[in-house]
There are 2 protein chains.
Amino acid sequence: MSWSDGTDDQPVRAAGAAPGGGLSHRVPELGALELLLAVARLGSLGRAARELGITQPAASSRIRSMERQLGVGLVDRSPRGSRLTDAGALVTDWARRVVEAAEAFDAGAQALRDRRDSRLRVAASMTIAEYLLPGWLIALRGQRPDTAVSLLAGNSTVVAGRVLSGEADLGFVEGVSVADGLDSVVIAHDRLIVVTAPGHAWARRRRALDAGELAATPLILREEGSGTRQVLDAALGGLARPLIELSSTTAVKASAASGAGPAVLSELALGEELSARRLVEIPVEGVRLSRDLRAVWPTGHRPAGPARDLLTLTRS
Amino acid sequence: MSWSDGTDDQPVRAAGAAPGGGLSHRVPELGALELLLAVARLGSLGRAARELGITQPAASSRIRSMERQLGVGLVDRSPRGSRLTDAGALVTDWARRVVEAAEAFDAGAQALRDRRDSRLRVAASMTIAEYLLPGWLIALRGQRPDTAVSLLAGNSTVVAGRVLSGEADLGFVEGVSVADGLDSVVIAHDRLIVVTAPGHAWARRRRALDAGELAATPLILREEGSGTRQVLDAALGGLARPLIELSSTTAVKASAASGAGPAVLSELALGEELSARRLVEIPVEGVRLSRDLRAVWPTGHRPAGPARDLLTLTRS
DNA sequence: TGGGGGCATAAGGTGGGCTTATGAGTTGGA
DNA sequence: TCCAACTCATAAGCCCACCTTATGCCCCCA
């Protein structure tokens, strides 16, 4: 073997596409990615192994097999510790994204268990549960690690019912009206955005779209009955014309990004697509495409304890 | 066993936080998440199994063990196929995020191998390689599945050198100046953003910050020498005052989100943090915090073939 | 010069996930 | 009416990936 001295600053090298199929055969398991992050942070295979509760040989072998799998050296080993290579630093950044998504998955899934001993029972609409709640739960766990949270997801009616009946301590709903017997506070805004592929003609417009143009143009949309569709129909007066109707937000994004046409999506569902310019936002004026996201609780029973902690987190 | 009829619309239930430690023990492996997505899309365990190249019993067992692991039923089985439960739909949405991050990881890692047969050799600065290139590679793979891409990441000087020497077909750099002998086109803008936790005093300001205020306030920053730090120092005239210096973008985000103070970060590094309001943007005026991201190639040798395809993808 | 921290290698155990083989429920057409 | 085709579940067995323990080499420093 060769102890590299860790000072060679040769740039990262890399190459080629492969046949494809079976993502999990080409991407290391989550445990290996976690290990890589620990090595990057702690500067030693052994320390990283201890932190994850495995032995040093296990860590050594796992990093090595990850390097074999990727075909790239990730770590410069030396008798004084281990540092990432340039390629390793890049891979670690990409790995961090995967692990962060896994953390959000974990936070959500934890709350999806029906546990009687939970100290905070939350009811939330689908959009909020999908996009916002995992992040809140991670933040709440950071502040109050011992707070067990349970989540019930449903439409606004279900959420209101659970909160009113005391089966949930705090609710989160989207929509303009709030059921009788509930107090609420606006915690965020769900804005619908018109997007196209960067190459689309609208991406080069200088003027904002108006309601007439939007209503006259066939759009890539979620199916009728979806939340975003309802808001759009209401804003346009029930006139939205579908170019294609798709059943998942992901399919709509993919279709729009491939240039099939303009799409309308919640800004919560976009994010990386916009910053990476896979999709670009088309300004719109004269159309009310936003709705409030609200926390709700029984009138007069201002949230206290863990519910108050969560509410504080979510408010601007 | 019981064939559920798939029509019971009871809402999603869920609960509680757990001790912690060992993310990979609580989150299913990537292969299992992929399988879940395939089941959701195809509506049948068997079809999903065939698509992934495994047998139906393997798929059945894997979904079942995932349900055990998460403590939540994900799929309603019936003799006519399988549909997601409400909880399963939510879990699937979260899983999709993980798999998308894994796809970006894969696209990047593929390109990080040193392959001689690659048809397109790209050199890119770190920021671009980290945040933008994986998405471009996924898009390029969608259009030209047979194009093998190799990636070399380094600073602007290295990138320019490789492109000039013909070792790279196309380069991507950040910064104001372009080396002699290179033509370039602006493909995107890297804007630095001032962010704070939502509870920070600045989040309630009505006026935009000016250069003086920004220079006078200690900020959470990347270490000296980092790209974002250079831009900030240049914009402020070398005056940026660090409150804390951290060595990774992630650490800066975490620190700012916990309320330690204002931070300055590339908008590429933010995204979900902003839309989920873990961080909020503070408007700034009178300071030039943006720089161009450019594609570069040897003067006169306009990119052709795969390089042209990639260039087209990246341009607005 | 010995101790401690770093990493690698070798040998052995265990379990998760795969396969094949089979059975049972539902649907629809011969 | 019954068989073919689809769905999923269960059982038995195999194999490999990953872990552990035990050991050795290298380097630095007191």
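Throughout, protein chains are lettered first and strands after them, A, B, ... in sequence-line order, and every chain is numbered starting at 1.
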Can you give the donor-acceptor pairs under 3.5 Å from side chains of residues 97-106 of chain B to other protein atoms, not counting sequence neighbours?
from     : atom 1 : to       : atom 2 : distance (Å)
B:Asp106 : OD1    : A:Arg26  : NE     : 3.1
B:Asp106 : OD1    : B:Gln110 : NE2    : 3.3
B:Asp106 : OD2    : A:Arg26  : NE     : 3.2
B:Asp106 : OD2    : A:Arg26  : NH2    : 2.6

In whole Å, I'd like the distance from the [atom1] atom of [X] to the [atom2] atom of [N].
X: A:Arg83; N: C:dG5; atom1: CZ; atom2: P; answer: 22 Å
X: B:Glu29; N: D:dA17; atom1: CD; atom2: C1'; answer: 11 Å
X: B:His25; N: C:dG16; atom1: NE2; atom2: P; answer: 11 Å
X: B:Asp76; N: D:dA9; atom1: CG; atom2: P; answer: 11 Å

**Prompt:** How large an angle, rounded to 10°, do the end axes of the helix from C:dT1-D:dA30 to C:dA30-D:dT1 enclose when each is built from five base pairs?
**Reply:**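 Answer for the end axes of this duplex: 10°.
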**Prompt:** Taking the side chain of B:Arg80 as its heavy atoms from C-beta onward, which of D:dT7, D:dT10, C:dT26 lies nearest to it?
**Reply:**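 The answer is C:dT26.
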Counting heavy atoms from C-beta on, name the nucleotide in D:dA9, D:dT7, C:dG5 closest to the side chain of B:Arg50.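 Of the candidates, D:dT7 comes closest.
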Does [N] have OP1 or OP2 sitting under 4.0 Å from an N or O in the side chain of [X]?
X: B:Ser82; N: D:dT7; answer: no
X: B:Arg77; N: D:dT7; answer: no
X: A:Ser44; N: C:dG6; answer: yes

Please enumerate all residues that pass side-chain hydrogen bond (donor to acceptor under 3.5 Å, both in side chains) together with [X], with sequence neighbours excluded.
X: A:Arg121; answer: A:Asp169
X: A:Arg96; answer: A:Asp93, B:Thr250
X: B:Gln69; answer: none
X: B:Ser82; answer: none

Would you mind listing every side-chain hydrogen bond (donor to acceptor under 3.5 Å, both in side chains) that reaches into residues 41-50 of chain B, with sequence neighbours excluded?
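For residues 41-50 of chain B: B:Arg41-B:Glu51.
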Note to self: How long is the straight-line distance from CG of B:Leu151 back to CG of B:Leu133, given to the nearest 0.5 Å?
What the structure shows: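 Here the interatomic distance stands at 5.5 Å.
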So which protein nitrogen or oxygen atoms get under 3.5 Å of nucleotides 19-23 of chain D's nitrogens or oxygens?
from   : atom 1 : to      : atom 2 : distance (Å)
D:dC19 : OP1    : A:Arg62 : NH1    : 3.2
D:dT20 : OP2    : A:Thr55 : N      : 2.9
D:dT20 : OP2    : A:Thr55 : OG1    : 2.7

Margin query: With the threshold set at under 4.0 Å for non-hydrogen atoms, list the residues of residues 63-70 of chain B touching DNA chain D in residue-number order.
Written below: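 Heavy-atom cutoff 4.0 Å gives B:Arg64.
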Item checked: Partners passing salt bridge (Lys or Arg N to Asp or Glu O under 4.0 Å) against B:Arg119 (at least two apart in sequence or in another chain) ->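 Applying salt bridge (Lys or Arg N to Asp or Glu O under 4.0 Å) to B:Arg119 gives none.
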Q: List for me each residue that meets side-chain contact (heavy atoms from CB on, under 4.5 Å) alongside A:Thr55, sequence neighbours excluded, and say none if there are none.
A: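 Checked A:Thr55 against side-chain contact (heavy atoms from CB on, under 4.5 Å); matches are A:Pro57, A:Ala58.
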message = Please enumerate all residues that pass side-chain contact (heavy atoms from CB on, under 4.5 Å) together with A:Ala263, with sequence neighbours excluded.
response =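 With neighbours one apart ignored, the set is A:Val195, A:Ile220, A:Val252, A:Ala256.
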Heavy-atom pair of closest approach, residues A:Ser255 and A:Leu246:
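Here A:Ser255 and A:Leu246 meet closest at CB-CD1, 3.9 Å.
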